[in-house]
Amino acid sequence: MSVLVVGASAAGLSTVESLRRKGYREPITVLGAEWHLPYDRPPLSKQFLCGDWDEDRTRLRPDTMLSALEAEFVLGDSAVGLDVERRTVHTASGRELQADAVVIATGLRARVLPDQGGLDGVHVLRTLDDAAALRKDLLEASRVVVVGDGVLGAEIAATARKMGLSVTMAGPQAAPLQSQFGPVVAGLLEELHASEGVHLKLGTAVTGLTDEDGRVTGVRLETGEVLPADVVVVALGAVPATDWLADSGLRLDNGVVCDARCRAAEGIYAAGDVARWQHEDSLLRLENRTNATEQAACVAANILGDAQPYRPVPYFWTDQFATKIQVHGRPSEAAEVTVAEGNLDERRFVVHYRRDRRVVAVLGWNMPKQTRLHRHHLVHA
Amino acid sequence: MKIIIDQDKCVASGQCVTAAVDVFDQRDEDGIVVLLNDNPPEDLAADVHQAAAVCPALAIVVED
Ligand SMILES: Cc1cc2nc3c(=O)[nH]c(=O)nc-3n(C[C@H](O)[C@H](O)[C@H](O)COP(=O)(O)OP(=O)(O)OC[C@H]3O[C@@H](n4cnc5c(N)ncnc54)[C@H](O)[C@@H]3O)c2cc1C
């Protein structure tokens, strides 16, 4: 038996580690589009961007642990096609990689604005190279506009502010992360950013960029107002990196569609941000760090003959300024929010999100340990 | 078995406590990992390896 993992990041590496931990000793090949050894993305908008951590500290595992895995890493080459029947992957450089099981772990690609192509000073943030280029530009800039009011936009705004820049966050929602967290918690996030000196231009859509001599000069809002900027970061979310699977015959619909065991076809699995699997009675795709690890572990078990459905309790965290937010379950804008511990005024609390009287999520604000202790409300719900 | 934790990398997810409650805990004030036992008995080895595997910040290293 042999395994080929496409995507050499969190989900890809976790697949390999899980296979080895479960005693699988046969060949594993890992194909990765980037030249870098596997690195972690959460620090890219936080410790790496502000300069607290160097590139080395973002590595997922040190050399010793990577080589102990006895997997072949083929880096700097992208998959460009998959033959599902023969479980063969074709790469940009002309390689043909065949295996008994193929794991798709190609993650996401950042969305861009239609007119951003080729303009200096405009950035997205998904990869280590993106982060290094953004950091370099931020060090020479004084005004940055972050386009996007989701979790990544809010983190970048916080980090740029910490670096001493004048920061504006622009986006269509009433408050940052409102569609995910609802008005109560999003309102507190808005206050946090405002109190730290971030200018918020929320509730208006961005319609385009202004530029001069090939460099961005500002962001245009639907009101006609232009927000001047030396650097613009576009944080409008990301889309599953499935272009290379277009002709494979696999079902692609906002990700690689899989069954409850994360199988896209016989011998073909998907894990991490790219995977959309049958979760209870609907299809679900998660974009968070723990999902990459947990789903990869489930895929590894299933490759080795288990028949495990993947049924996680989703978890993610975000750090903005000195605030640590932890979320278990799936909060939503429509859910009813009640304080379960601590209090909002002191900015140290745990809230429950309820729908139809069932707790669907718990969110903690500067109370990580206590938040975890509320997780059982979800497991038994 | 020897366990090394990196509190500077820790993101306070508490996944390690869920995996191995006798070995890991979190600080009450900020949720950062604390090691209850840096050389736990062999019968906890599987749980400890699981904790290291699920840590989303890769802040736990286990040396056998
Ligand atoms: C800046 C940033 C901050 C984040 N912060 C947090 C956080 O605080 N908390 C949290 O829970 N989550 C966070 N996340 C999300 C988390 O990092 C992701 O959920 C996780 O990286 C998903 O892992 P993955 O392996 O599925 O995908 P990715 O990490 O996207 O890896 C996919 C890999 O596949 C490679 N690839 C793509 N196409 C091909 C191809 N055709 N051939 C070969 N290789 C290919 C890519 O180069 C990439 O290395 C953050 C993400 C980013 C970008």
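All values reported here derive from a predicted model rather than from experimental measurement.
No more than 12 heavy atoms of other residues, nucleotides or ligands shown are found within 6.0 angstrom of CZ on A:Arg330. The environment of A:Glu26 atom CD is dense: over 12 non-hydrogen atoms of other residues, nucleotides or ligands sit within 6.0 angstrom. Annotation for B:Arg27: atom CZ counts as buried by contact number, over 12 foreign heavy atoms lying within 6.0 Å.
From A:His328, atom NE2 reaches atom OG of B:Ser13 across 7.5 Å, with rounding to the nearest 0.5 Å. Atoms CG and NZ, from A:Asp40 and B:Lys9 in turn, are 7.5 Å apart once rounded to the nearest 0.5 Å. Here CD of B:Glu63 is found 9.0 Å from OG1 of A:Thr64. Values are rounded to the nearest 0.5 Å.
Annotation for A:Pro368 and B:Gly31: closest pair CB-CA, 3.8 Å, computed over non-hydrogen atoms. Closest approach of A:Trp317 to B:Pro56, counting heavy atoms only: CZ3-CB, 3.7 Å.
Looking at A:Arg59, only its backbone comes within 4.5 Å of chain B, counting heavy atoms on both sides. Proximity to chain B is absent for every atom of A:Glu17, based on heavy atoms less than 4.5 angstrom apart. For B:Ala52, the part sitting under 4.5 Å from any heavy atom of chain A is the backbone (N, CA, C, O) and nothing else. Heavy atoms of B:Asp6 lying under 4.5 Å from chain A belong exclusively to its side chain.
We find that B:Asp30 and A:Lys369 are not joined by a salt bridge, their nearest charged nitrogen and carboxylate oxygen being 4.0 Å or further apart.
Side chains of A:Met65 and B:Leu58 form no contact here, defined as non-hydrogen atoms less than 4.5 Å apart. Side-chain contact check for A:Lys324 versus B:Val11: every heavy-atom pair is 4.5 Å or farther apart. In this structure the side chain of A:Arg372 never reaches within 4.5 angstrom of the side chain of B:Gln15, judged on heavy atoms.
Each of A:Met367, A:Gln47, A:Lys46, A:Arg61 has some count of heavy-atom pairs under 4.5 Å with chain B, and the biggest count is that of A:Arg61. Among A:Asn366, A:Leu60, A:Asp319, the residue making the largest number of heavy-atom pairs under 4.5 Å with chain B is A:Leu60.
For the residue pair B:Gln50 / A:Arg21, a side-chain donor-acceptor distance below 3.5 Å is found, with atom types taken as modelled.
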